[in-house]
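Quick notes on the structure that follows.
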Amino acid sequence: MVVGCLIEHDNKVLLCKRKIEPSYGLWTLPAGYLEIGESAMEGAIRETREEANADVEVISPFVQLDIPLIGQTYIIFLAKLKKPHFSPGPESSECKLFSLDEIPFSSLSFSSMVVTLNLYVEDMKAGRKPKFHYGTINKRPGTSPSDIDAFTLEDHMQS
């Protein structure tokens, strides 16, 4: 289980540049593996603190994405900064706020990040409050985790 936060601040989203493999040097939402003894929300808050030195308030769940080929499920929460302060943690080389039109889609770390941010941008550009999304990412067998073009999104539902 991978958990994280899509942090909204001043009509921008916070992304972190990875300082670790896989996907070294690519942008991601602050996210990581859930630890034993914590809830998905607690894990998402912890990962955000570790990767972006940011304290957040979770607003709602935003997306659940299953990736059967690699046995992962991603749960990403919408969140907002408690204070407008953030900086790279040990696994990040940079943290930056991006407007919707500035999101570096060609330099994102994983297909799950591409899907999550595309769904968010679609919701926002439609002028609606972000919905909850569920989907299955079918990765093409034999592709690397960093190959953000080798997948399809199936079973997409929103509420």
Side-chain angles (χ1 to χ4, degrees), residues 1-34 40-65 67 72-135 137 139 143-153 156 158:
M1 176 84 58
V2 177
V3 295
C5 289
L6 193 165
I7 301 158
E8 303 171 304
H9 183 75
D10 288 340
N11 298 314
K12 297 181 178 183
V13 295
L14 181 65
L15 298 178
C16 300
K17 189 177 273 191
R18 291 178 59 84
K19 194 165 78 171
I20 59 170
E21 292 293 350
S23 299
Y24 179 93
L26 298 176
W27 292 96
T28 187
L29 296 169
Y33 291 111
L34 184 66
M41 188 168 72
E42 290 168 337
I45 291 168
R46 175 188 50 76
E47 284 290 339
T48 299
R49 195 173 305 112
E50 288 176 3
E51 294 187 11
N53 288 308
D55 287 321
V56 295
E57 177 185 335
V58 168
I59 299 166
S60 67
F62 176 64
V63 69
Q64 177 182 333
L65 299 168
I67 310 177
Q72 289 183 349
T73 293
Y74 281 72
I75 297 176
I76 304 295
F77 294 89
L78 285 177
K80 63 181 181 177
L81 292 171
K82 289 183 178 179
K83 298 175 188 167
H85 303 290
F86 54 87
S87 62
E91 296 180 0
S92 303
S93 61
E94 185 179 351
C95 296
K96 182 179 174 183
L97 290 167
F98 291 89
S99 69
L100 299 185
D101 295 329
E102 296 173 328
I103 294 172
F105 280 100
S106 63
S107 299
L108 292 177
S109 56
F110 306 109
S111 55
S112 55
M113 298 298 117
V114 172
V115 170
T116 298
L117 288 163
N118 270 322
L119 292 171
Y120 178 77
V121 168
E122 287 173 19
D123 283 353
M124 298 307 287
K125 288 196 172 179
R128 62 182 177 236
K129 180 181 175 189
K131 298 182 174 197
F132 177 75
H133 298 267
Y134 169 82
I137 293 176
K139 296 281 290 178
T143 58
S144 79
S146 302
D147 190 341
I148 59 172
D149 297 316
F151 74 93
T152 57
L153 177 64
H156 179 229
Q158 56 187 342

field: side-chain contact (heavy atoms from CB on, under 4.5 Å) evaluation trace for Leu119 with His156
entry: CA-CA 10 Å; Leu119 292 171; His156 179 229; 3.6 Å; yes
message: Does Leu15 form a side-chain contact (heavy atoms from CB on, under 4.5 Å) with Leu29? I'd like the steps, not just the answer.
response: CA-CA 5 Å; Leu15 298 178; Leu29 296 169; 3.5 Å; yes
query: Can you check side-chain contact (heavy atoms from CB on, under 4.5 Å) on Val115 and Tyr74, steps first, answer last?
result: CA-CA 11 Å; Val115 170; Tyr74 281 72; over 6 Å; no
task: Kindly determine whether Asp123 and Phe62 satisfy side-chain contact (heavy atoms from CB on, under 4.5 Å), including the steps that lead there.
output: CA-CA 11 Å; Asp123 283 353; Phe62 176 64; 3.6 Å; yes
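Sorted by first then second residue, the side-chain hydrogen bond (donor to acceptor under 3.5 Å, both in side chains) pairs that include residues 12-26, not counting sequence neighbours, are Ser23-Ser146.
Scored by the side chain to side chain donor-acceptor pair (under 3.5 Å) test, Thr116 finds no partners at all (sequence neighbours excluded). Applying the side chain to side chain donor-acceptor pair (under 3.5 Å) criterion to Asp101, with sequence neighbours excluded, gives Lys125. Among residues two or more places apart in sequence or in another chain, the salt bridge (Lys or Arg N to Asp or Glu O under 4.0 Å) test is passed with Glu42 by none. A search for side-chain contact (heavy atoms from CB on, under 4.5 Å) contacts involving Thr152 returns Asn138, Glu154, not counting sequence neighbours. By the side chain to side chain donor-acceptor pair (under 3.5 Å) test, Ser109 pairs with Thr28, sequence neighbours left out. Residues satisfying the ring pair (Phe, Tyr, Trp, His ring centres under 6.0 Å) criterion with Phe98, sequence neighbours excluded, are Trp27. Every residue two or more places apart in sequence or in another chain was checked for a side chain to side chain donor-acceptor pair (under 3.5 Å) with Glu94, and none qualifies.
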Show the atom names and distances, to 0.1 Å, of all donor-acceptor pairs under 3.5 Å that link a side chain in residues 1-11 to residues at least two apart or in another chain.
unit_1, atom_1, unit_2, atom_2, d
Glu8, OE2, Tyr120, OH, 2.7

List the atom pairs, donor and acceptor, that lie under 3.5 Å between side-chain atoms in residues 53-60 and the rest of the protein, sequence neighbours left out.
unit_1, atom_1, unit_2, atom_2, d
Asn53, ND2, Ser87, O, 3.1
Asn53, ND2, Ser87, OG, 3.1
Asn53, ND2, Pro88, O, 3.1
Asp55, OD1, Arg49, NE, 3.2

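Annotation for Leu153 and Gly135: closest pair CD1-CA, 4.0 Å, computed over non-hydrogen atoms. Across every non-hydrogen atom of Phe77 and Pro61, the tightest pair is CD2-CA, 3.7 Å. Pairing each heavy atom of Leu14 with each of Ala52, the nearest pair is CD2-CB, 4.0 Å. Residues Pro90 and Glu50 approach most closely at CD-O, 3.4 Å, considering heavy atoms. Of all heavy-atom pairs between Lys139 and Ser144, the closest is NZ-O, 3.6 Å. Considering every non-hydrogen atom in both Ser111 and Ile148, the closest pair reads N-CG2, 4.0 Å.
Taking CG of Leu117 as the reference point, atom CD1 of Ile103 lies at 5.0 Å (rounded to 0.5 Å). How far CD of Gln158 is from CD of Glu122: 8.0 Å, rounded to the nearest 0.5 Å. Separating the CG atom in Leu65 from the CD atom in Gln72 is a distance of 11.0 Å, to the nearest 0.5 Å. Remark: Arg46 CZ to Glu51 CD distance equals 9.0 Å, nearest 0.5 Å. Separation of atoms CD1 (Ile45) and NZ (Lys82) is listed at 7.0 Å; rounding is to 0.5 Å. We find the CG-OG distance between Leu26 and Ser106 to be 9.5 Å, quoted to the nearest 0.5 Å.
By the 4.5 Å heavy-atom criterion applied to side chains, Phe86 and Thr48 are not counted as neighbours.
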